Each structure stands twice: as structure tokens, then as C-alpha cells.
Amino acid sequence: MRIVVERSGPLAGTVEVPGAKNSVLKLMAATLLAEGEYRLTNVPDITDVPVMCELLGAMGVRCERPSPHELVIRNSGDVTPVAPFHLVDRIRASVNVLGPLLARLGRAQIGMPGGDDFGSRPIDLHVAGLSAMGAQFALGPEDVRAVAPRLRGAEILLRFPSVGATENLLTAAVLARGTTVIDNAAREPEIGDLCAMLASMGASIEGVGTDRLVVTGAEPGSLRAADHEVVADRVQAATYVAAVATCGGDVEVRGARPEHMEMLLNRFAEMGVAIEPTGGGLRASCGQRLRSIDFATLPYPGIATDYKPLLVGMLAVADGTGIATENLYPGRFRYVDELAKMGADVRIDGHHAVVRGVERLCGAEVSAPDIRAGAALVVAGLAAEGRTSIDQVHHIDRGYDDLVGRLRAIGASVSREPTDR
Ligand code: EPU
């Protein structure tokens, strides 16, 4: 499949924001902690969800999809703590089964996690934190094996506020003996969402939303299944705002949580996008050429690395020169070559991208290197003269719930086509 985009705008109407990939996959992993039936709602219809279902299924936990945006997960207690490499290798979030398996079953064997290819993505912080809680690890080239008869509470100071490490330590700590303190914890809204579901399951977590999480472990078997509504996806929401920014218009992004995107929305406003919170989301409008800004990616509440390709695409057509600095993944600039095919003037210097705005991009045949960069190429295509064709769409489908349908609904000229046409 490929996505074909024609110059569009102004955009108008309403777009509904789906649930967050980077929350739902972690909530699914957390169902390993307690027996029973879970019902997750506002589940995004993205391809990473069935992969996670398959992974849970391989361990004995059954997932059903009564509707595209709902998941029923049944943990009968008969769980095999082995996550096969061929599944783990497909999504990074599969590493999140480590904490729950160790906490609930005292052992885990998982293939080395995969996900997007934009540089080395180690799990040393996960391993160090779980080791401090008493787990013993054997790290092989293809898998990680760990045992821990009963995890114990520990004081853990993360060298870096890693999202995945914070989540794994949280889901381990909820069943550990005693109290665990996670300092310099990641504060992303998806972690708050995980804490909310863990609390509904009976876990005791203080400091939610801060960089110091204090978890009082429950007795094994004392947590229970819960129902939960997945938090709205701030990156998908940002994508629709970026689309309005790039080709003009006035759109309500319903379900967006402006309080989860504050820093980004401030920067959008500096670039000339009018943002207004509404009761149930936000309204974005733009009627002029964007102004360039400099920005740097940082852990939450900073500008997320996942927003960066969108912002670089906006800078590509903005008035002036902007510098984008990547502080999380040094290799996450590969899509810049694709933007250059569309006429963008971007120079990479170490972990900086210097973007000189051009009046107009031109349509080209480009390829999506990963989820976020792929979506950014689609958005850039909306501002390009002529036809832009984006292939490797399967990357976009991992994290975007009907990007094409949603953009079409607000007036964009975009469609999916089989690649052999
Ligand atoms: N890091 C370490 N050691 C670790 C863990 C992380 O050095 O043990 C480093 C990483 O190498 C990286 C940085 O810390 O340089 C950030 O990693 P983090 O652990 O915070 O990220 P993650 O949990 O692997 C999640 C999202 C990513 C998102 C990042 C940062 C999921 C499944 N993935 O990854 O999302 O970019 O947080 O916000 O939640 C995406 O959705 O497209 C995506 C890549």
C-alpha cells in the first residue's frame, strides 16, 4: 500500500482523536499482573494492537476485539512467562511484559525488543532497576532471562527518565514486598494512564504525574482485573494540528487533551497557529505562512521526540530558518532525506537539523522510515505542489488509526492505493 497526497487546504471540520498507542500497549502488558477479565475502551485501531494480542496469546492470555475500539482480555492465571522473539522483535512495547511477569510469576524470558529503527534502544535502565528489586538476569544475544522469587521494594534513581523503564519498574513494584521509590521517573501522560489503571486494579501509587513515584507493593494475588478507557493520543492529535498549520484551515480536534500537549501547543502558537481549548478538545486554525522557531526534544513535559518530524515538516515551509535539536535518539533524522526529495532545505549537523523554509514543497515519491516520520511526510505532502506518494505505509499503520480517513474528513486530498497500481 501507499498513501497518495495532493496539495490541500484550507482544512475544515472536526476530527476525533483515537486512544494512544503508547498507552494501550502498556495497559495490555499490565493485564499479566492479575487474573480476571479486563475491558479496554478507546483502543486505537492500529496494527501494533493485534501484535500485542498475539504476544499475550502466546503466553496464555486471551484477547478479543468485540469492536475495533474495544478489547476484552482474559487472564485465567495459566500464564507461560515466555515471550517469543518473533513477536517481541516487532514492537518495542513488548519489553513491558518483563515487569509484570517477574512480579507475578517470578520469572520471564523475552526476546530482545524491536520497534522502530532509529538508533540503539538499550534496556539497561530496566535491567538495573529490576536488579535493584532482587531480580537476577542472564542477557543473551537474542533474549533476556530473569528470575526473582519475590521482588522487594527498592529506591531507584533513573539516570534518564526512560518511559519504558519507568513503566516496567512500576508494574514490577505494584507486587513487590515493601515500598519502591522511582526517582527521576518519566512523567508522560501515558504513564499517568497506566498508573490510573493500576490504581483501579488495587495498586497503591503516590506521586502520579511527578518525577518521584512511590509504590507500596500489594500481596501477590491481591490485585484484580479492571476496565479502563485509553487516554487520547497526543501525537495523533498533534498530527491534525500540524496538518492545519501546514495547509491552513480551522479544525476542531475533538478528544485532544491540551493539558498533555502544553509545551507543543505553545510552540505551535509561536509559529502562528491559533489554538483554543474547547470543552472536549481543542480548535486549531491558521491562515498565514508559519514563522520558524528553534526547538529541542526533551522528556515530558518537553517537546516529545515523536513530534519532531511534524515540526521539521512545518519548518520546511515556514518563513525563516529554524533549528531542530534531537536529544533522545541521535539516529532519528533519516526522514530528512525524504523531505529533501520534496524540495525541503534541511542540513543535518550532529543532532541538529537546520531547516531553511521554502515557499513551496513539490510532490515526490518518498518512503516512510518509521511511524512518526511517515505521518509527517503525509502532512508535508498536503502543502506540496502536485502529487506526493508515500510508501512503506505499514509503519504509519502501526500507530495511526485511519490517518487517511480522518484527513479526508477535514477536506484533505489523500487516499490509499495498492503499490502495484
Ligand atoms: N534508554 C537507555 N536505556 C534504557 C532505556 C532507554 O539508554 O534502558 C535511552 C534510549 O536509548 C533513548 C532514551 O533513553 O535514547 C529514551 O528511551 P525511553 O525508554 O524513554 O523510550 P521508550 O520507552 O523506548 C517510548 C515510546 C517512543 C518514544 C519514547 C520517548 C513506546 C512504545 N515508545 O519509547 O515512541 O519516542 O518513549 O518519548 O512507548 C513511537 O511511538 O513512535 C515511539 C518511538
Side-chain angles (χ1 to χ4, degrees), residues 18-30 44 46-49 51-52 55 88 90-99 112-132 137 139 144 156-171 182 184-194 211 230-231 233-239 260-261 263-264 297-310 326-332 334-335 351 368-376 394-401 403:
K21 165 179 90 77
N22 289 346
S23 185
V24 70
L25 301 173
K26 326 303 177 63
L27 302 173
M28 292 172 73
I46 56 174
T47 57
D48 271 10
V49 166
V51 177
M52 194 60 155
L55 179 63
V88 174
R90 288 170 60 189
I91 49 171
R92 170 74 178 178
S94 48
V95 74
N96 277 58
V97 303
L98 187 56
M112 274 306 224
D116 289 301
D117 176 22
F118 38 68
S120 145
R121 295 177 74 182
I123 57 164
D124 55 309
L125 297 172
H126 307 230
V127 170
L130 292 167
S131 299
F137 280 85
L139 303 177
V144 178
I156 299 161
L157 171 62
L158 292 176
R159 179 185 78 234
F160 175 89
S162 154
V163 172
T166 301
E167 291 162 343
N168 250 334
L169 296 175
L170 260 174
T171 47
I182 310 170
N184 199 24
R187 292 191 274 160
E188 271 68 2
E190 296 74 28
I191 291 177
D193 202 34
L194 174 62
D211 62 359
V230 180
V231 71
D233 192 322
R234 62 202 162 99
V235 193
Q236 291 188 74
T239 304
H260 292 166
M261 312 164 66
M263 195 85 81
L264 177 75
T297 62
L298 283 171
Y300 192 84
I303 303 283
T305 175
D306 293 346
Y307 297 138
K308 190 191 56 184
L310 293 170
E326 171 61 56
N327 288 317
L328 277 91
Y329 300 114
R332 211 175 191 186
R334 281 197 300 141
Y335 61 96
H351 63 135
D370 64 61
I371 307 170
R372 311 302 173 189
H394 62 94
H395 285 299
I396 299 175
D397 294 340
R398 289 188 48 203
Y400 279 84
D401 181 337
L403 176 65

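Start at 1 and go down the list; that is how both ligands and their atoms are numbered. Everything numeric here is computed off the predicted structure, so don't read it as measured data.
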Gln236 and Gly19 have their tightest heavy-atom pair at NE2-O, 3.5 Å
Heavy-atom closest pair (Asn184 atom, Leu158 atom, distance to 0.1 Å) is ND2-O, 2.9 Å
Within 4.0 Å of some non-hydrogen atom of Thr305, the atoms of ligand 1 are 30 (C), 36 (O)
Ranking Arg398, Glu190, Arg92, Lys26 by closest non-hydrogen atom to atom 39 (O) of ligand 1, top hit is Lys26
Short version for Tyr329: what comes under 4.0 Å of ligand 1, heavy atoms counted, is side chain
For Asp48, the side-chain hydrogen bond (donor to acceptor under 3.5 Å, both in side chains) test, sequence neighbours excluded, returns Arg398
One finds that the ligand 1 atoms under 4.0 Å from a non-hydrogen atom of Arg159 are 7 (O)
Note: ligand 1 atoms sitting under 4.0 Å from heavy atoms of Gly164 are 19 (O), 23 (O)
Check: of Val235, Val95, Asn22, min heavy-atom distance to atom 32 (C) of ligand 1 comes from Asn22
Query raised in the report: Does ligand 1 have an atom that lies less than 4.0 angstrom from a heavy atom of Glu167?
Result: no
Gly374 and Ala368 have their tightest heavy-atom pair at CA-CB, 3.5 Å
**Message:** Between ligand 1 and Asp306, is the shortest N or O to N or O distance under 3.5 Å?
**Reply:** yes
Any heavy atom of His395 under 4.0 Å from ligand 1? The part involved is neither
Numbered in order shown, the ligand 1 atoms found under 4.0 Å of a heavy atom of Ile123 are 4 (C), 8 (O)
Query - Short N or O distance, Leu328 and ligand 1, threshold 3.5 Å exclusive - result: yes
